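Scope of the values below: all heavy atoms of this structure, side chains included, with no hydrogens, waters or symmetry mates. Position 1 is the first residue of the sequence, and the numbers go up from there. Here the structure is a predicted model, which means the values were calculated and not measured.
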Amino acid sequence: MRDSIKRATCIALSSAVVFSMTGCSNLPFGGAKTEDIIDAGEAFAKAAASCDLGKMGKVSGDKFKKDTEDWEVLLDFTEGDVYDANAAQFTAAVADTIAYEIDEESAEASKDEASLDVVFTIADYAPIIEDEEITDIDTMIAALGDADTNEIEQTIEFEKNDDGDWVVTNYEDIMNDLYKFTDTTAIEFPVDYAECVQDIWWNGDELTSESSDHLTANFTNCTDFNCTVTLDSDRCDSSLVSSTVEYNGQVVNSENTNIGMYATWYSNAELDDTEQYLAAGTYTITFYDPDGNPFLTVSAVVTVDVTPTPTPTPAASTPDASAEYEFEPLVGMANSTPDNEPEIYMAFGGTPYWADSDNGVYESGTTSVSLVQPGVSEDVGTLYYTVIYSETSVCTAQDAELCTMFAMATAQTADDGSIYYEFSFDTMGDGYYMIVITASLADMDDAVMAGVCRVGAPN
């Protein structure tokens, strides 16, 4: 009797083994179908390669949406708070290079857990970002087509949810590795300012001729000259340009503008024998980009053609009749005039004022001053301003110092939508400052507006 029982048991076990090797060959562990694991892994990998959070969430755990809130913004490759224009285009292009391959043989499962290996591939974008010879976003994106490919090996981990479906649980680890390229949120390219030059134009006393390329200008019996370089505003910021003027191997003036200038009234100006004009010779003007790299050099060639007159014998000492400026009575004033550029006079509707001052009086040691023209009815274009400085209330034109020459100001819009102009300059110390505003690089006598302020309590 025992033998028959043993035999029956063996037969039953043998049948179970045969059954497990034939009818349920897709149930390697705990009754799980590998096709279900592969299908879930395929769906997740495809969605991950497409940066599609919605489809990734359909095959992931219940906390997916909450856990990936930050990725909603990072995987939106548009210009905005996260990406600048260049980075938005580049990250989108990198995302398009993502591909994947499932290793079906790697599928493993127990009763409630499973895993599947996948290899993502993505363009090796890092060398492209670091390539300093690439100067535009189109070239940068095109380089992705020739880039090497990086492999990102991942094991997708699953668990069964309440509905009995396999869902991905380690989605955060996979996304952190796969989407590292979203760290690139800003891409800036070096700008060749030399390629941005649109025009070179000269002004000054006794400008006689220019070369056809405007790189050289000739002046005879010159008291002042200036050269302005205009740039492509879509590519270059002219407000970040600086310039120097060099004479006899020495820098004699520097300006934080796109205008190179020099004049007889500069304290270090070398004059001709008559002491009326700038000394003869070549004045070299160099313009620099925001990084201090020179991108344009021009020359002002000055000739003096005058016969010196004998110096007169000084007369007996008399009160100084050459005083031209008396500043104190004018402190705090700032007035426009209809005589020059009447359309600008009509546009200046508000009352100009010296900002952050006591009616035009600033505390001793103030280093920066601004004159504001509010309530402008329309944008009247670029205005230029020159600032003259004196340590004393009364001074001659010869004793006055040039603080700023032909700086530029453009219309600005206040928070309430009104238009205003602001004319700011750095001070040279305590004393009096007279600002003269013109509509062009012209003689200061063609003033649109003028005003006087005082810093400290000078004599």
Side-chain angles (χ1 to χ4, degrees), residues 191-247 251-266 269 277-290 293-304 340-341 343-344 379-387 402 404-411 421 423 425 435-449:
V191 178
D192 187 348
Y193 271 60
E195 296 182 356
C196 294
V197 176
Q198 291 185 324
D199 195 12
I200 303 168
W201 48 289
W202 293 87
N203 274 296
D205 184 33
E206 300 300 330
L207 171 63
T208 56
S209 64
E210 295 182 46
S211 61
S212 59
D213 56 10
H214 307 293
L215 295 179
T216 302
N218 299 293
F219 298 83
T220 302
N221 297 343
C222 173
T223 60
D224 65 277
F225 62 79
N226 62 77
C227 178
T228 300
V229 55
T230 58
L231 306 170
D232 180 352
S233 59
D234 292 334
R235 301 174 58 197
C236 303
D237 187 348
S238 61
S239 68
L240 302 179
V241 171
S242 59
S243 63
T244 60
V245 179
E246 187 175 323
Y247 177 67
V251 174
V252 293
N253 188 42
S254 60
E255 300 285 344
N256 290 321
T257 72
N258 60 326
I259 307 172
M261 58 192 78
Y262 202 54
T264 55
W265 51 81
Y266 283 44
Y277 311 112
L278 288 172
T282 299
Y283 297 77
T284 302
I285 304 175
T286 305
F287 295 94
Y288 302 86
D289 67 19
N293 302 310
F295 67 88
L296 177 67
T297 299
V298 298
S299 299
V301 179
V302 174
T303 302
V304 177
N340 302 313
E341 307 289 343
E343 67 278 7
I344 295 179
D379 185 342
V380 295
T382 300
L383 298 178
Y384 302 86
Y385 57 100
T386 297
V387 181
L402 186 67
T404 300
M405 182 174 181
F406 290 130
M408 296 183 296
T410 55
Y421 278 81
F423 309 94
F425 58 90
I435 186 169
V436 179
I437 299 163
T438 60
S440 62
L441 294 174
D443 193 292
M444 288 171 56
D445 289 339
D446 294 332
V448 172
M449 184 167 69

Next item on the list: For side-chain hydrogen bond (donor to acceptor under 3.5 Å, both in side chains), just list the numbers for Asn218 and Ser209, CA-CA rounded to whole Å, side-chain angles, deciding distance to a tenth of an Å, and then say yes or no.
Entry: CA-CA 5 Å; Asn218 299 293; Ser209 64; 2.8 Å; yes
Next item on the list: Using the side-chain hydrogen bond (donor to acceptor under 3.5 Å, both in side chains) rule, take Thr223 and Asp205 through it: C-alpha gap first, then chi angles, then the decisive distance, then the call.
Entry: CA-CA 6 Å; Thr223 60; Asp205 184 33; 3.1 Å; yes
Note to self: Quick one, Val302 with Asn221, criterion side chain to side chain contact (heavy atoms under 4.5 Å, CB included). Give me CA distance, side-chain angles, the key distance, then yes/no.
What the structure shows: CA-CA 7 Å; Val302 174; Asn221 297 343; over 6 Å; no
Item checked: Full working for side chain to side chain contact (heavy atoms under 4.5 Å, CB included) between Leu207 and Phe225 -> CA-CA 8 Å; Leu207 171 63; Phe225 62 79; over 6 Å; no
Notebook entry, point to check: Tyr421 and Ile437: side chain to side chain contact (heavy atoms under 4.5 Å, CB included), yes or no, with the steps?
Noted result: CA-CA 11 Å; Tyr421 278 81; Ile437 299 163; over 6 Å; no
Notebook entry, point to check: Does the pair Asp224 and Thr264 meet the rule for a side chain to side chain contact (heavy atoms under 4.5 Å, CB included), with working shown?
Noted result: CA-CA 6 Å; Asp224 65 277; Thr264 55; over 6 Å; no
Item checked: Tyr288 vs Asn256, side-chain hydrogen bond (donor to acceptor under 3.5 Å, both in side chains): CA-CA, chis, key distance, verdict -> CA-CA 9 Å; Tyr288 302 86; Asn256 290 321; over 6 Å; no
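One finds the CZ atom of Phe219 at 7.5 Å from the OG1 atom of Thr208 (value rounded to the nearest 0.5 Å). Between Phe287 atom CZ and Thr257 atom OG1 the span is 7.5 Å, to the nearest 0.5 Å. One finds the CG atom of Asn258 at 11.5 Å from the CD1 atom of Ile200 (value rounded to the nearest 0.5 Å). Atom OG of Ser233 is separated from atom CD of Gln198 by 7.0 Å, given to the nearest 0.5 angstrom. Rounded to the nearest 0.5 angstrom, Trp265 CH2 and Thr386 OG1 are separated by 8.0 Å. The CD atom of Glu195 sits 9.0 Å away from the SG atom of Cys236 when rounded to the nearest 0.5 Å.
Without hydrogens or angle criteria, Asn253 side chain to Met261 main chain gives a donor-acceptor distance under 3.5 Å. Judged purely by atom type and a 3.5 angstrom limit, Trp202 has no side-chain atom pairing as donor or acceptor with the backbone of Glu210. Proximity of a side-chain donor or acceptor of Ser243 to a complementary backbone N or O of Ile259 within less than 3.5 Å is detected. Looking at Ser211, its side chain does come within 3.5 Å of a backbone N or O of Thr216 through a donor-acceptor pair. In this structure a side-chain-to-backbone donor-acceptor pair under 3.5 Å is missing from Ser254 to Thr244.
Relative ring orientation between Tyr283 and Tyr262 is described as tilted, the plane-to-plane angle lying within the 30° to 60° band.
In this structure, Asp289 and Val191 have side chains that are not in contact, with every pair of non-hydrogen atoms separated by 4.5 Å or more. In this structure, Tyr277 and Thr220 have side chains that are not in contact, with every pair of non-hydrogen atoms separated by 4.5 Å or more.
Listed here is the closest heavy atom pair of Tyr247 and Ala279: OH-CB, 3.5 Å. Minimum heavy-atom separation, Glu255 to Tyr266: OE2-OH, 3.8 Å. Considering every non-hydrogen atom in both Ser440 and Phe406, the closest pair reads O-CE2, 4.2 Å. Contact detail for Val245 and Gly260: the closest heavy-atom pair is CG2-C, 4.3 Å. Shortest non-hydrogen contact noted between Gly381 and Asp379 is N-OD1, 2.8 Å. Taking each heavy atom of Ala263 and Ala269 in turn, the nearest pair found is O-CB, 3.4 Å.
Test Asp237, Leu296, Asn293, Val229 against Tyr193 for side chain to side chain contact (heavy atoms under 4.5 Å, CB included) and you get one pass: Asp237. Partner of Tyr384 under the side chain to side chain contact (heavy atoms under 4.5 Å, CB included) criterion, out of Thr438, Val448, Thr228, Val436: Thr438 alone.
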